[in-house]
Amino acid sequence: AGGARGRAARTRSPARRFGSDVGLMNRVVLASRNAHKVAEVRRILADANVPIELIGLEDLEVEVYDVPETGATFAENALIKAQSVSDQTGFAALADDSGLAVDALNGMPGVLSARWAGRHGDDAANLELVLNQIGDVPDERRGAAFVCAVVLVHPGGSTITAEGVVTGRLVREPIGENGFGYDPIF
């Protein structure tokens, strides 16, 4: 065990390969390959004047491997992703897990939102399946919530977790030009 540690200590960390140590505390890796999400979080940070340089996974010089989202809650999945990315990169990592909880579907798709129709990230298929599943539900019973958990993991292991819920109703067909995922029906 000691030998492996010695070799790792002499190897240049991914965080150092990315840039100088100056300002590393202001750099955070967003644990997502979703380009829409990276752009959205960068916009939110800029609008709030938060002095953080958000690094997308595609900006790193090292390969970051995905881990299975095996948590039973949004917060558990966000922690799994943030911890993995922080461990692999040496940077603080921010991860979220979010999804749609439909009242008429007993809170589903929930943590399965991104792969509700079977294939991970197929927004159109996921949206179509939810609309089909609640097609005969009257408007007054089409309540839903968008749930999001965000976890920041520092390389030393400390974590910060925040969760939010926005309630609303689902429309019968997609509307609008902005947004992604379930946004067009929520």
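Just so it is clear, the structure is predicted and the values come from calculations on it, not from any experiment. Just so you know, these numbers use all the heavy atoms, side chains as well, and skip hydrogens, waters and symmetry mates.
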[X]: salt bridge (Lys or Arg N to Asp or Glu O under 4.0 Å) partners, not counting sequence neighbours:
| X | value |
| --- | --- |
| Asp123 | none |
| Asp103 | none |
| Arg141 | none |
| Asp139 | Arg172 |

Is there a path from [X] to [Y] through hydrophobic residues (I, L, V, M, F, W, Y) whose side chains come within less than 4.5 Å of each other?
| X | Y | answer |
| --- | --- | --- |
| Val171 | Leu131 | yes |
| Ile44 | Val151 | no |
| Val150 | Leu79 | no |
| Ile134 | Phe146 | yes |
| Leu30 | Val67 | no |

*Using the salt bridge (charged side-chain N to carboxylate O under 4.0 Å, His left out) rule, collect all pairs that involve residues 40-52, keeping only residues at least two apart or in two chains.*
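Passing the test, one end in residues 40-52: Arg42-Asp59, Arg43-Asp47.
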*What residue pairs, at least two apart or across chains, pass salt bridge (charged side-chain N to carboxylate O under 4.0 Å, His left out) with a residue in residues 88-97?*
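The answer is Lys37-Asp96, Lys81-Asp97.
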With sequence neighbours excluded, what pairs up with [X] under the side-chain contact (heavy atoms from CB on, under 4.5 Å) test?
| X | value |
| --- | --- |
| Thr70 | Pro68, Ile80 |
| Leu57 | Val29, Arg33, Leu60, Val64, Val85 |
| Ala46 | none |

*asked:* I'd like to know if the side chain of Thr159 and the backbone of Leu152 have a donor-acceptor N/O pair within less than 3.5 Å.
replied: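 Flag not set: sc Thr159 to bb Leu152 has no pair under 3.5 Å.
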*Just by modelled atom types, is the Glu53 backbone N or O under 3.5 Å from a matching donor or acceptor in the Asn26 side chain?*
no
*Check the pair Glu58 / Val38 against side-chain contact (heavy atoms from CB on, under 4.5 Å), numbers first and verdict last.*
CA-CA 10 Å; Glu58 70 281 358; Val38 173; 4.2 Å; yes
_Filter on ring pair (Phe, Tyr, Trp, His ring centres under 6.0 Å), then keep only pairs touching residues 42-79, sequence neighbours left out; what's left?_
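For residues 42-79, and leaving out neighbouring residues, there are no ring pair (Phe, Tyr, Trp, His ring centres under 6.0 Å) pairs at all.
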_With ring pair (Phe, Tyr, Trp, His ring centres under 6.0 Å) as the rule and sequence neighbours excluded, what pairs involving residues 95-145 come up?_
none
_Take a 6.0 Å sphere around CD of Glu140 and say whether it holds more than 12 heavy atoms from other residues, nucleotides or ligands._
yes
Can you give me the closest heavy-atom contact between [X] and [Y], atom names plus distance?
| X | Y | answer |
| --- | --- | --- |
| Val165 | Ala145 | CG1-CB, 3.8 Å |
| Ala82 | Ala93 | O-CB, 3.4 Å |
| Glu163 | Ala149 | CG-CB, 3.7 Å |
| Ala114 | Asn126 | O-ND2, 3.0 Å |
| Pro155 | Ser86 | CA-OG, 3.5 Å |

Please tabulate, for the side chains in residues 179-186, all donor-acceptor contacts under 3.5 angstrom to protein atoms that are two or more places apart in sequence or on a different chain.
from   : atom 1 : to     : atom 2 : distance (Å)
Tyr182 : OH     : Ser113 : O      : 2.9
Asp183 : OD2    : Phe180 : N      : 3.1

*Say you draw a straight line from CD of Glu173 to CD of Glu128; how long is it, rounded to the nearest 0.5 Å?*
13.0 Å
